[in-house]
Protein chains: 2
Amino acid sequence: MNSTKIKILNAAEYLFATHGYAETSMRQITNRANVNLASVNYHFGSKKALTIEVIDRYLSQLMPDIIANLKQLQNKKEEPSISAIFSIFKQPLLTLNSINDGGTVYFLKLLGRGYIDSQGHLRGFITHKYQTELRFIRQAFHQSCPQLSEEELFWHLHFALGTTSFTLSASDALTDIVKADFNTELYLDDILDRMVPYISAGFIRQGNLNV
Amino acid sequence: MNSTKIKILNAAEYLFATHGYAETSMRQITNRANVNLASVNYHFGSKKALTIEVIDRYLSQLMPDIIANLKQLQNKKEEPSISAIFSIFKQPLLTLNSINDGGTVYFLKLLGRGYIDSQGHLRGFITHKYQTELRFIRQAFHQSCPQLSEEELFWHLHFALGTTSFTLSASDALTDIVKADFNTELYLDDILDRMVPYISAGFIRQGNLNV
DNA sequence: GTCTATACAGGGATAGAC
DNA sequence: GTCTATCCCTGTATAGAC
């Protein structure tokens, strides 16, 4: 149990999610973690590698959970509802809160920032390390919803991921705008409540799934 | 006619689009533009301000195109569908790509970054300069889906922006995956075609309205 | 193995001479 | 407007202490 690594991961996760990747310096991270500056490079190799490990801490728990839920769904004979499909992701995502308080939001924020920010290094890492899991997810979805082609599902899942991670990444800014323009005080729950129907609609229309 | 400003803008635009924002240094920009390092800060104030002006060169071309297309659509007698409105954005966006290689993707990446950025300088600039254009666009959407309140429309439009920015940020990788796994050759054009129905679906309240 | 102090090159920004 | 010199901060590498 290396406590320095974990202290760095926790500090980096918080700072990356709240201030952004580029706006967070190694010195800020190590100050917050109460460790020496050089320990980041000793334990992780580079700032970029640290970013990936921060996200992978969540992914390594998320992926097996999703696969397990998918296999469970495949065992049932009936055609799955759209809400059943979403709960495949919902429960594993909420479980991330057990790793670290607010973990679910951190993960989705970091994913969004990482996808848009980095030169595709995060993407490359994920598609390489979780190659088999990602393929399994697509194939399982295809078997469960034969009315959508595997390729259509691939795109739909990515669109949904985009909506989710972008919205959460920008959630602070968006709630500020809404407060200024519409005088409405919104919290994360409210945003999610607005987002879920939007995401679902994109699946229902083309797929003709039962709600 | 200040040629130094334009030389800097051209160099920055190219380098930002090909190597990314963070990976492009002021010294690279000024070397490519054959101007002095300090001239960037003299003419633009900061690297961030330069970025905003680079984006604005895209915006200043995009906005009139979109408005023109919208007005053309409104001249037709029938009520325009949501997907028809979204298709309005497609051609102007792709035009950015023909002006500068990778322009479409880079513009949307920067737009996404600007919205994720909690400081919101880019957001403030856009909403101020393109006030009337943005209001016109919002009104067009409001006419096509009057069942959505202004606040709901705000969120839906940002969900759509998130899907677009996120997806196109990864578009090169996604087309690679699709080619490898499904043996389908896709271009930016095709991705937008797949995205429009998905984005539009979220604007339609379950069951009614023309798609 | 782990941690610390420190050196270094490259980053953006700026003051002042021209 | 333009240029030089310089400032402080960044990520990274390394030598040496525990």
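In what follows, chains are A, B, ... by sequence order, proteins preceding strands, each numbered from 1.
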Check whether the side chains of B:E151 and A:T184 place a donor and an acceptor atom closer than 3.5 Å, and report yes or no.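 Per modelled atom types, B:E151 and A:T184 side chains form a pair under 3.5 Å.
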
Taking only residues at least two apart or on different chains, which pairs with a member in residues 81-117 of chain B satisfy ring pair (Phe, Tyr, Trp, His ring centres under 6.0 Å)?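 As it turns out, the ring pair (Phe, Tyr, Trp, His ring centres under 6.0 Å) pairs with a partner in residues 81-117 of chain B, which skip direct neighbours, are B:Y58-B:F107, B:F86-B:F141, B:F86-B:F203, B:Y115-B:H158.
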
A cation-pi test, strictly: NZ or CZ of [X] under 6.0 Å from the centre of the six-membered ring of [Y] and no more than 45 degrees from its axis. Yes or no?
| X | Y | value |
| --- | --- | --- |
| B:K109 | B:F166 | no |
| B:K47 | B:Y21 | yes |
| B:R32 | B:Y14 | yes |

Result block: side-chain N/O donor-acceptor pairs under 3.5 angstrom for residues 129-136 of chain A, not counting sequence neighbours:
residue	atom	partner	partner atom	Å
A:K129	NZ	A:D56	OD2	2.6
A:Y130	OH	A:D56	OD1	2.5
A:Y130	OH	A:S60	N	3.2

Check A:L108, A:L192, A:I191, A:I199 against A:T167 for a side-chain contact (heavy atoms from CB on, under 4.5 Å) and give me the one that passes.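 Result: among A:L108, A:L192, A:I191, A:I199, A:I191 is the only option passing the side-chain contact (heavy atoms from CB on, under 4.5 Å) with A:T167.
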
Tell me, which of residues 20-41 of chain B have any heavy atom that sits under 4.0 Å from an atom in DNA chain D?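 Hits under 4.0 Å, by residue number: B:N36, B:A38.
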
Quick check on contacts: within residues 46-53 of chain A, what sits under 4.0 Å from DNA chain D by heavy-atom distance?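 Under 4.0 Å from DNA chain D: A:S46, A:K47.
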
Main chain of A:S25, side chain of A:Q28: is a donor-acceptor contact present, judged purely on distance under 3.5 Å?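 Flag set: sc A:Q28 to bb A:S25 pair under 3.5 Å.
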
Please confirm whether the backbone N or O of A:E152 pairs with a side-chain atom of A:S149, one donor and one acceptor, at under 3.5 Å?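 Yes: the side chain of A:S149 pairs with the backbone of A:E152.
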
Need two values: the first and the last nucleotide of DNA chain D, 5' to 3', having an atom under 4.0 Å from any heavy-atom of chain A.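 First and last nucleotides in contact are D:dT10 to D:dT14.
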
Run the ring pair (Phe, Tyr, Trp, His ring centres under 6.0 Å) test against A:F182 and tell me which residues pass, sequence neighbours left out.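 Here the qualifying residues are B:F154.
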
